2 protein chains.
Amino acid sequence: MMEFRAGEVRINGGETLFHEGDKVDFFYTAKVGQGARVIHLPNGGRQLVNFIFPGDTIGLQAALAKEASSSVVAASDMLLCKFHKGNLPKLFRQSARRAYSLVWIAAVEEHFLGETIATLGQRDAMQRMAWALCRISMRLSAVGLSSDGASPFPFKQRDLADALGLSLVHTNKTLARLRPFVRWEKGVLTILDPRALSEIAMLDYDAQPERPLL
Amino acid sequence: MMEFRAGEVRINGGETLFHEGDKVDFFYTAKVGQGARVIHLPNGGRQLVNFIFPGDTIGLQAALAKEASSSVVAASDMLLCKFHKGNLPKLFRQSARRAYSLVWIAAVEEHFLGETIATLGQRDAMQRMAWALCRISMRLSAVGLSSDGASPFPFKQRDLADALGLSLVHTNKTLARLRPFVRWEKGVLTILDPRALSEIAMLDYDAQPERPLL
DNA sequence: CGACAGATTGAGAACCGTCAACTAATGTGG
DNA sequence: CCACATTAGTTGACGGTTCTCAATCTGTCG
């Protein structure tokens, strides 16, 4: 993919890469740092659609559409690879393999979004929280950012609240109730009892994820 | 795409095309009829992830993965085009254009799932219902199934409840409160006052959708 | 007619949101 | 160095939305 690269981008925690409604001519992959894809509602509501971790593809959807339907914000300082949207057709012509892998990426993304929809629709606050923390921890350890069940997670409670569709207050109280099984302090997420968490989240503890690299 | 077709499939309303966990070797496009993609939870919960209308692509994600992460059920009798998963690599090699359009389809799908997540996370029952009915009506009229604001919609209240993450009872009561603006009787959905509905749903009435055909 | 699926309605309880107050940590300016 | 402001997290009280349970009603089909 190197020959299609349009360079690197750095953004600081709190900054946004692009906004909803923007015309976006690039897409990205995350190399370092964490962020989130966010949708804003007319009434001021804010939904965090997914977290962005190293290795993730960012903004493919935004680049293909006329305008972005979601914003991307950095939770920590991030380093990104930048690609020209205009190079996509050429890429598709030159390498069927890579084109295939883009579809693969999109399919995996779709899988995760579906699981999120099931969670927001069917699980209560406790289950949502346990589910999210499990998933986050699994993703982070899959990219090698986790040691001893402790992973960097530079978000605020407000972010998690907006991801789970809960109020900030209730998010806080739910976290408190899960404290026997999880700690989250100063940007570090520590899973103390993964089995108990999986249980609460109604997740199969030994289900291996399917998220291959590009 | 004709040369990759593996034939047509018919299924009856209520039947399921494939189940979660199945190994799926085909993907499909819907020609006639309506259905839904569904995720089942360990506790018996059921989340309807998206509705399937004529023209929609079905099971691309399931075909690419080792096993399907969602089921597909028909709400009415359906006619589907069937494609061999195994033909995908050949398709990618032979036609960059078509490969590109698959990514496009996936991106559009991702867009819709993101909007659904925002709805489940941020909107209350009334807003969800209005949102769903608006969207459904828009999709159906975009494929020419709608006349005079009336469209065929062969689902049950239970399906809509599971799509919106609401209980059946509350779904019913919410529908009752929206009755001045929408009717849904005997499988026909009629939007009486689209502007009022959009208002309730916090949707921009004149936002043109972006869902081109293959 | 009885059986059944789907829709409808009411009553009570549980969950979650809002409001408000308070703590702790950090930074800034005088 | 201290006063003050700001941000993030925490906790309690109260009220509203939504869920569950249960009963009733309707139309269809045998």
Side-chain angles (χ1 to χ4, degrees), chain A residues 12-15 36 41 43-48 73 75-76 119-133 152-180 182-190 200 202, chain B residues 12-15 36 41 43-48 73 75-76 119-133 153-180 182-190 200-202:
Chain A
N12 297 321
E15 293 181 354
L41 281 91
N43 66 344
R46 175 177 175 266
Q47 178 67 36
L48 222 143
V73 302
S76 63
T119 295
L120 294 186
Q122 303 300 132
R123 285 187 242 251
D124 65 23
M126 197 80 156
Q127 295 168 333
R128 284 185 214 186
M129 184 63 69
W131 174 84
L133 297 176
F153 187 62
F155 292 87
K156 316 289 184 196
Q157 291 193 358
R158 164 130 296 285
D159 298 318
L160 199 48
D162 291 341
L164 298 179
L166 299 172
S167 72
L168 174 57
V169 172
H170 200 63
T171 296
N172 182 296
K173 289 174 179 171
T174 305
L175 271 171
R177 291 211 294 158
L178 286 175
R179 209 106 60 188
V182 209
R183 290 292 156 72
W184 177 25
E185 288 147 353
K186 300 191 227 301
V188 177
L189 177 65
T190 309
I200 294 170
M202 303 189 302
Chain B
N12 297 320
E15 292 181 355
L41 281 90
N43 67 344
R46 175 177 175 267
Q47 178 68 36
L48 221 143
V73 303
S76 63
T119 295
L120 295 186
Q122 302 300 133
R123 286 188 243 251
D124 65 22
M126 197 80 156
Q127 295 168 333
R128 283 186 213 187
M129 185 62 70
W131 174 83
L133 297 176
F153 188 62
F155 293 86
K156 316 289 183 197
Q157 292 193 359
R158 165 128 295 285
D159 298 318
L160 199 47
D162 290 341
L164 298 179
L166 299 172
S167 72
L168 174 56
V169 172
H170 200 61
T171 296
N172 182 293
K173 288 174 179 171
T174 306
L175 270 170
R177 292 211 292 159
L178 286 175
R179 209 104 62 187
V182 209
R183 290 292 156 72
W184 177 26
E185 288 148 353
K186 302 191 225 301
V188 177
L189 177 66
T190 309
I200 294 170
M202 304 189 302

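Each chain gets a letter, A, B and so on, in the order the sequences are listed, and its residues count up from 1. If you're wondering where the values come from, they're calculated on a predicted model, not measured in any experiment.
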Min side-chain heavy-atom separation Leu48(A)-Val73(A) under 4.5 Å: no

Straight-line distance of Thr174(B) OG1 to Arg179(B) CZ, nearest 0.5 Å: 10.5 Å

Check every strand shown and say whether [X] touches a base, only sugar-phosphate, or nothing at a heavy-atom separation below 4.0 Å.
X         : answer
Arg179(A) : sugar-phosphate
Leu175(B) : nothing
Gly165(A) : sugar-phosphate

Value in whole Å for how far the [atom2] atom of [N] lies from [atom1] of [X]:
X         : N       : atom1 : atom2 : answer
Leu166(B) : dC19(D) : CG    : C1'   : 10 Å
Met126(B) : dT17(D) : CE    : P     : 11 Å
Leu164(B) : dT17(D) : CG    : P     : 18 Å
Arg123(A) : dC19(D) : CZ    : P     : 17 Å
Leu120(B) : dT18(D) : CG    : C1'   : 15 Å
His170(B) : dC19(D) : NE2   : C1'   : 9 Å
Glu185(B) : dT26(D) : CD    : C1'   : 13 Å
Gln157(A) : dT7(D)  : CD    : P     : 16 Å

Minimum heavy-atom distance between [X] and [Y], given as atom pair plus value:
X         : Y         : answer
Trp131(B) : Arg123(B) : CD1-NH2, 3.5 Å
Pro180(B) : Ala176(B) : CD-O, 4.2 Å
Leu164(A) : Ala132(A) : CD2-CB, 3.7 Å
Pro154(B) : Ser76(B)  : CG-CB, 3.7 Å
Ala161(B) : Thr171(B) : CB-OG1, 3.1 Å
Trp184(B) : Phe155(B) : CZ2-O, 3.2 Å

Pair assignment for DNA chain C - dot-bracket with | for other-strand partners, Watson-Crick or G-U under 3.5 Å: ||||||||||||||||||||||||||||||

Asn172(A) vs dG9(D): side-chain N/O to OP1/OP2 distance below 4.0 Å: no

Proximal nucleotide (of dT18(D), dA22(D), dT11(D)) relative to the Val169(B) side chain: dA22(D)

N/O donor-acceptor pair, side chain Lys173(A) with base dG12(D), under 3.5 angstrom: yes

Sidechain N-carboxylate O distance under 4.0 Å for Arg46(A), Asp159(A): yes

Terminal contacting nucleotides, 5' and 3', DNA chain C versus chain B (heavy atom, 4.0 Å): dG6(C) to dA11(C)

